[in-house]
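Read the numbers this way: they start at 1 and go in the same order the structure lists the ligands and their atoms. Quick note: numbers below take in every heavy atom, side chains included, and nothing from hydrogens, waters or symmetry partners.
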Amino acid sequence: MKENIRTFQEGKPLSEEEKKNLLAMADEMVRKIVLPCTACHYCVSHCPQGLDIPTLLAFYNEHCFTKGGFIAPMALSSYPNDKLPSACLGCRSCEAVCPQQIKVSEAMADFAEKLGM
Ligand code: SF4
Ligand code: SF4
């Protein structure tokens, strides 16, 4: 805590070069976040499969962001088969209520293919 306070008590602005690098990194991160799910959960009660859509989409974003990292497959290996992205029926009931107009069915199909599970 004291170290954090020491770090920030000095009002030292970023240099133009540092700002440029920071903005480039932020831009890269935003572009890699595939879907803008806000985890509002409006869709969840509309899924006939009872999928935890916001959590699956968070894993999907993570998986895309890390270009196929191990976290999503590891976490999903503990899920029962009927709760995996591959259990999505493509019915699009969730999409009808999503304020972000996310194409959940397409994301689930793509995620299932990427995971191979
Ligand atoms: S499209 Fe898939 S995730 Fe969406 S409600 Fe239908 S089964 Fe659930
Ligand atoms: S309704 Fe859309 S934004 Fe909200 S949790 Fe579901 S997919 Fe995410």
What's the shortest distance from [atom] to any protein heavy atom, and which residue and atom give it?
| atom | answer |
| --- | --- |
| atom 1 (S) of ligand 1 | R92 N, 3.2 Å |
| atom 3 (S) of ligand 1 | I53 CD1, 3.7 Å |
| atom 7 (S) of ligand 1 | L89 N, 3.3 Å |
| atom 6 (Fe) of ligand 2 | C43 SG, 2.3 Å |
| atom 5 (S) of ligand 2 | H41 N, 3.3 Å |
| atom 2 (Fe) of ligand 2 | C98 SG, 2.4 Å |
| atom 8 (Fe) of ligand 2 | C37 SG, 2.3 Å |
| atom 4 (Fe) of ligand 2 | C40 SG, 2.2 Å |

Within the 4.0 Å heavy-atom shell around [X], which atoms of ligand 2 are there?
| X | answer |
| --- | --- |
| L57 | 7 (S) |
| Q100 | 3 (S) |
| P99 | 1 (S) |

For ligand 1, which atoms sit closer than 4.0 Å to a heavy atom of C88? 1 (S), 2 (Fe), 3 (S), 7 (S)
Show me which atoms of ligand 1 lie under 4.0 Å from any heavy atom of P48. 5 (S)
Counting distance only, does the side-chain N/O of H63 pair as donor-acceptor with the main-chain N or O of N61 below 3.5 Å?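 Not a single qualifying donor-acceptor pair exists.
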Polar contact flag, side-chain donor to acceptor under 3.5 angstrom, Q100-T38: no
Tell me yes or no: between the side chains of Y60 and D110, is some donor less than 3.5 Å from an acceptor? yes
Under a 4.5 Å cut-off applied to non-hydrogen side-chain atoms, are S86 and M117 in contact?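 Not touching, per the 4.5 Å side-chain cut-off.
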Are any non-hydrogen side-chain atoms of L84 and F111 less than 4.5 angstrom apart? no
Just wondering, more than 12 heavy atoms not from E18 lying within 6.0 Å of its CD? yes
Would you say atom 4 (Fe) of ligand 1 has C91 as a near neighbour, meaning an N/O/S atom of that residue under 2.8 Å away? no
Identify the heavy atoms of [X] and [Y] that sit nearest to each other, and give their distance.
| X | Y | value |
| --- | --- | --- |
| E62 | I71 | OE2-CD1, 3.7 Å |
| D52 | H41 | OD1-NE2, 4.5 Å |
| C43 | C94 | CB-CB, 3.7 Å |

Have a look at ligand 2 and work out which part of A39, if any, has a heavy atom under 4.0 Å from it: side chain, backbone, both or neither.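 Under 4.0 Å from ligand 2, A39 contributes backbone atoms alone.
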Is it true that E106 and K103 have a side-chain N and a carboxylate O under 4.0 angstrom from each other?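 Salt bridge absent between E106 and K103.
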